[in-house]
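Below: the structure, in structure tokens.
Throughout, residue positions are numbered sequentially from 1 according to the sequence presented.
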Amino acid sequence: MTEATERFFESLPTRAPAILGGLAVGTLQIDLGTDHRTEHWLVRMRPGAVQSSRERGPADAIWYSSSALFDRLISGEAQGISAVLRNESTFSGDVVLFLAFRRFFPDPPGTRDPREVAREAVGRRA
């Protein structure tokens with residue numbers, strides 16, 4: 001596992017109040033594979049709060065990803081839903097947990113809020 005992955009999971013509790021709304025309640029197990037080894041993370045989510053630990057457990061959902069893909073996700077170079085749709089990762093269980101968790105991933109580099117772009121366009125016309 002990379003240092004970036006470790007830092008990402010450590011940052012979840014402090015970022016949760018700004019990211020998680022009321023829909024995410026449950027436990028997501030994230031399995032990250034490298035070669036013939038799998039690292040496990042258990043992420044317990046509730047509105048505005050997250051606890052993460054390096055364990056397996058009873059979980060409402062399980063998401064498997066390669067460690068390399070996960071590194072791309074946490075840097076904004078890949079998107080979680082696209083990875084699942086392309087079968088680069090797999091998911092089973094409560095989909096709401098996956099949809100909530102993906103909000104912790106950054107936007108792709110260079111992404112701008114469409115409202116910002118529209119305001120700039122209006123400002124140039126004035």
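How far OG of Ser66 is from CD of Glu88: 8.0 Å, rounded to the nearest 0.5 Å. Atom-to-atom distance recorded for Phe8:CZ and Phe105:CZ is 4.5 Å, nearest 0.5 angstrom.
Listed here is the closest heavy atom pair of Val84 and Ser89: CG2-OG, 3.3 Å. For Ala78 against Leu69, the heavy-atom pair with the smallest separation is CB-CD1, 4.0 Å. The two atoms that bring Gly76 and Pro106 nearest to each other are N-CG, 3.5 Å, heavy atoms only. What you find for Gly26 and Asp60 is that their closest heavy atoms are CA-OD2, 3.1 Å.
Under the side-chain hydrogen bond (donor to acceptor under 3.5 Å, both in side chains) criterion, Thr38 pairs with no residue, sequence neighbours left out. Under the rule for a side-chain contact (heavy atoms from CB on, under 4.5 Å), the partners of Val25 that lie at least two apart in sequence or sit in another chain are Pro47. Applying the side-chain hydrogen bond (donor to acceptor under 3.5 Å, both in side chains) rule to Asp31 yields the partners Gln29, His40; only residues at least two apart in sequence or on another chain are considered. With sequence neighbours excluded, the residues satisfying side-chain contact (heavy atoms from CB on, under 4.5 Å) with Pro108 are Gln79, Thr111. Remark: Phe98 pairs with Trp63, Phe91 by the ring-ring contact (aromatic ring centres under 6.0 Å, His included) rule, at least two apart or across chains. Every residue two or more places apart in sequence or in another chain was checked for a salt bridge (Lys or Arg N to Asp or Glu O under 4.0 Å) with Glu77, and none qualifies. Checked against side-chain hydrogen bond (donor to acceptor under 3.5 Å, both in side chains), Arg102 has no partners two or more places apart in sequence or in another chain. Residues forming a side-chain hydrogen bond (donor to acceptor under 3.5 Å, both in side chains) with Glu55 (at least two apart in sequence, or on another chain): Arg44, Ser53.
Counting heavy atoms from C-beta on, the side chains of Phe104 and Leu20 come closer than 4.5 Å.
A single hydrophobic cluster is not seen to contain both Phe101 and Ile62; linkage of ILVMFWY side chains at heavy-atom distances under 4.5 Å, directly or through other members, places them apart. One hydrophobic cluster holds both Ile81 and Met45 under the rule that ILVMFWY side chains link at heavy-atom gaps under 4.5 Å. Put simply, Leu42 and Leu97 are part of two different groups of oily side chains (I, L, V, M, F, W, Y) that touch within less than 4.5 Å, one to the next.
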Handout entry: Check against side chain to side chain contact (heavy atoms under 4.5 Å, CB included), Leu28 and Trp41
Key = CA-CA 8 Å; Leu28 173 63; Trp41 288 89; over 6 Å; no
Handout entry: Tyr64/Phe70 under ring pair (Phe, Tyr, Trp, His ring centres under 6.0 Å): CA gap, chis, key distance, verdict
Key = CA-CA 10 Å; Tyr64 173 82; Phe70 198 79; over 10 Å; no
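Residue pairs meeting the side chain to side chain donor-acceptor pair (under 3.5 Å) criterion with at least one partner in residues 7-27, sequence neighbours excluded, are Glu3-Arg7, Ser11-Arg15.
Within the 3.5 Å criterion, the main-chain N or O of Arg37 finds no donor-acceptor partner in the side chain of Asp35.
Counted by atom type alone, Ser67 and Thr34 present one or more donor-acceptor pairs between their side chains at under 3.5 Å.
At most 12 heavy atoms of other shown residues, nucleotides or ligands fall within 6.0 angstrom of atom CZ in Arg115.
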